[in-house]
Amino acid sequence: MLRTRRFAWTLTAVGVFALSGLVGACDPEDNPTPGTQNDGGTTKPDSGTNTDAGTNTDAGTNTDAGTETDAGTNTDAGTETDAGVDAGTQTTLPLAVDGTWAPSGYMGSGGGKQGGLVDEPICHTPRPGAGLGTCHKFTATQKADAWAGVFWQFPEGAWEDDPRPGFQVPDGANAVTFYAWSESGGEIVNFFTGYEGKDGWTKKIEVTLTTEPTQYTLDISKIRYSTVGGGFGWSAGGLDVKPLVLFIDDIQWK
């Protein structure tokens with residue numbers, strides 16, 4: 001019986017020691033296995049959980065240089081008043097005939113291919129009046145015809161039967177004035193304005209020229225005009241007697 005108890009005690013002791021060994025094997029103090037320690041992953045926030053550098057304000061969120069006012073928004077040089085606006089297109093009175101209407105309507109010995117009329121920009125010194133427009137020295141000689149003349153036309157080269165409208169003259173003109181004289185004096189010349197058929201009216205005067213610049217007036221104060229195709233003109237005969245040297249300057253509507 002005693003021997004049986006001793007054996008049982010021995011087994012019990014062995015069991016206790018075995019259990020102790022097993023427990024000891026599981027004690028973290030005695031077994032420094034890296035996986036079972038309070039390593040960086042269990043005691044400290046994982047470096048992956050720290051605020052990520054990528055969450056800092058990205059340099060790309062700075063105001064982009066492209067949002068600056070573009071130089072193209074500056075007033076374009078093309079908006080400046082164009083230098084092409086000249087006295088020839090003025091729409092106020094007094095209105096220079098030259099530069100508005102063109103002395104393109106050659107008649108008589110100057111018409112067609114006769115070649116009996118020459119226009120030169122030769123001026124008197126000093127120029128008479130306001131000197132608006134161009135100075136004219138007309139030399140007319142007999143060819144097939146013994147007379148000559150010129151019409152200032154708008155558009156250039158547009159005769160009375162041309163369907164294109166004339167120049168729109170500003171309201172308020174009462175006269176067409178000009179200076180005229182000749183090399184010899186004594187010549188009779190007709191001066192006129194307006195196409196009778198196309199413009200619906202015409203005004204004429206006949207003068208005897210002198211050798212001194214003299215101002216003449218075509219009174220249009222009672223004329224109701226609108227667009228005007230024949231702005232001014234002159235004609236003279238007597239070329240079978242002698243050539244005509246005629247000067248005209250400062251022709252204007254006013």
Side-chain angles (χ1 to χ4, degrees), residues 96-129 131-162 166 175-220 223 228-253:
V97 168
D98 286 297
T100 303
W101 293 269
S104 52
Y106 280 31
M107 302 177 287
S109 68
K113 297 181 180 180
Q114 294 187 50
L117 185 60
V118 177
D119 181 6
E120 301 173 277
I122 297 177
C123 301
H124 186 276
T125 304
R127 290 183 67 179
L132 289 182
T134 304
C135 311
H136 298 273
K137 176 188 176 182
F138 293 103
T139 302
T141 56
Q142 182 181 9
K143 296 297 180 179
D145 292 311
W147 70 280
V150 177
F151 239 125
W152 275 249
Q153 302 169 315
F154 185 94
E156 182 175 356
W159 289 96
E160 191 167 5
D161 58 353
D162 193 301
V176 178
T177 64
F178 58 97
Y179 283 81
W181 65 102
S182 67
E183 189 172 72
S184 302
E187 298 91 344
I188 297 174
V189 179
N190 291 297
F191 295 97
F192 38 85
T193 181
Y195 279 140
E196 186 169 7
K198 182 175 182 177
D199 299 331
W201 58 272
T202 189
K203 185 68 177 182
K204 303 178 182 180
I205 59 172
E206 182 180 275
V207 303
T208 300
L209 300 175
T210 70
T211 57
E212 293 297 321
T214 304
Q215 187 178 45
Y216 300 97
T217 300
L218 288 158
D219 183 3
I220 57 171
I223 300 296
V228 180
F232 180 74
W234 68 268
S235 67
L239 302 184
D240 54 334
V241 177
K242 64 176 182 179
L244 170 66
V245 180
L246 169 65
F247 299 90
I248 305 177
D249 199 358
D250 192 34
I251 318 167
Q252 56 178 291
W253 279 60

| request: Give the minimum heavy-atom separation between Val228 and Phe154, together with the two atoms involved. | output: O-CB, 4.2 Å
| field | Interatomic spacing from CG in Leu246 to OG in Ser184 - rounded to 0.5 Å | value | 11.5 Å
| Heavy-atom closest contact (Val189 atom, Ser235 atom, distance) | CG1-O, 3.5 Å
| query | For the atom pair SG (Cys123) and CG (Asp250), what is the distance rounded to the nearest 0.5 Å? | reply | 11.0 Å
| said: Taking the ring centre of each residue, are Phe151 and Phe192 less than 6.0 Å apart? | reply: yes
| request: Examine distances only and state if a side-chain atom of Thr202 and a backbone atom of Gly194 form a donor-acceptor pair shorter than 3.5 Å. | output: yes
| So how far is it from Ile251 CD1 to Phe232 CZ, rounded to the nearest 0.5 Å? | 4.5 Å
| CA sep, side-chain torsions, deciding dist, call: Ser109, Gln114, side chain to side chain contact (heavy atoms under 4.5 Å, CB included) | CA-CA 6 Å; Ser109 68; Gln114 294 187 50; 3.8 Å; yes
| Glu160 atom CD: more than 12 heavy-atom contacts under 6.0 Å | yes
| message | Using every non-hydrogen atom in the two residues, find where Ala236 and Leu244 come nearest and quote the distance to one decimal. | response | CB-CD2, 3.7 Å
| said: Working note: Phe138 + Leu117, criterion side chain to side chain contact (heavy atoms under 4.5 Å, CB included); need CA distance, chi angles, decisive distance, verdict. | reply: CA-CA 7 Å; Phe138 293 103; Leu117 185 60; 4.2 Å; yes
| Hey, is CD on Glu196 packed in by over 12 heavy atoms from elsewhere, all under 6.0 Å? | no
| Taking all atoms of both residues into account, what is the closest heavy-atom pair of Lys137 and Val245, and its distance? | CE-CG1, 3.6 Å
| said: Once rounded to the nearest 0.5 Å, what's the spacing between atom CZ of Arg127 and atom CG of Asp249? | reply: 4.0 Å
| note | Rounded to the nearest 0.5 angstrom, the CG-OH distance for Leu209 and Tyr216 is 5.5 Å
| Do the ring planes of His124 and Trp181 sit parallel (below 30°), tilted (30 to 60°) or perpendicular (above 60°)? | perpendicular
| Does the side chain of Tyr195 come under 3.5 Å of the side chain of Gln153 through a donor N or O and an acceptor N or O? | yes
| said: What verdict does the side chain to side chain contact (heavy atoms under 4.5 Å, CB included) test give for Lys198 and Trp159, after you've listed the backbone C-alpha separation in whole Å, the side-chain angles of each residue and the deciding distance to 0.1 Å? | reply: CA-CA 9 Å; Lys198 182 175 182 177; Trp159 289 96; over 6 Å; no
| Nearest heavy atoms of Gly133 and Ala96, plus distance in Å | N-CB, 4.1 Å
| query | Is the gap between the ring centers of Trp152 and His136 under 6.0 Å? | reply | yes
| message | Consider side-chain contact (heavy atoms from CB on, under 4.5 Å). Of Asp199, Leu218, Val97, which one does Thr193 pass it with? | response | Leu218
| Of the non-hydrogen atoms in Ile220 and Ala175, which two are nearest, and what is the gap between them? | CG1-N, 3.4 Å
| Stepwise, does the side chain to side chain contact (heavy atoms under 4.5 Å, CB included) test hold for Trp101 with Trp253? | CA-CA 11 Å; Trp101 293 269; Trp253 279 60; 3.6 Å; yes
| query | Roughly how far, to the nearest 0.5 Å, is CD of Gln252 from OH of Tyr179? | reply | 8.5 Å
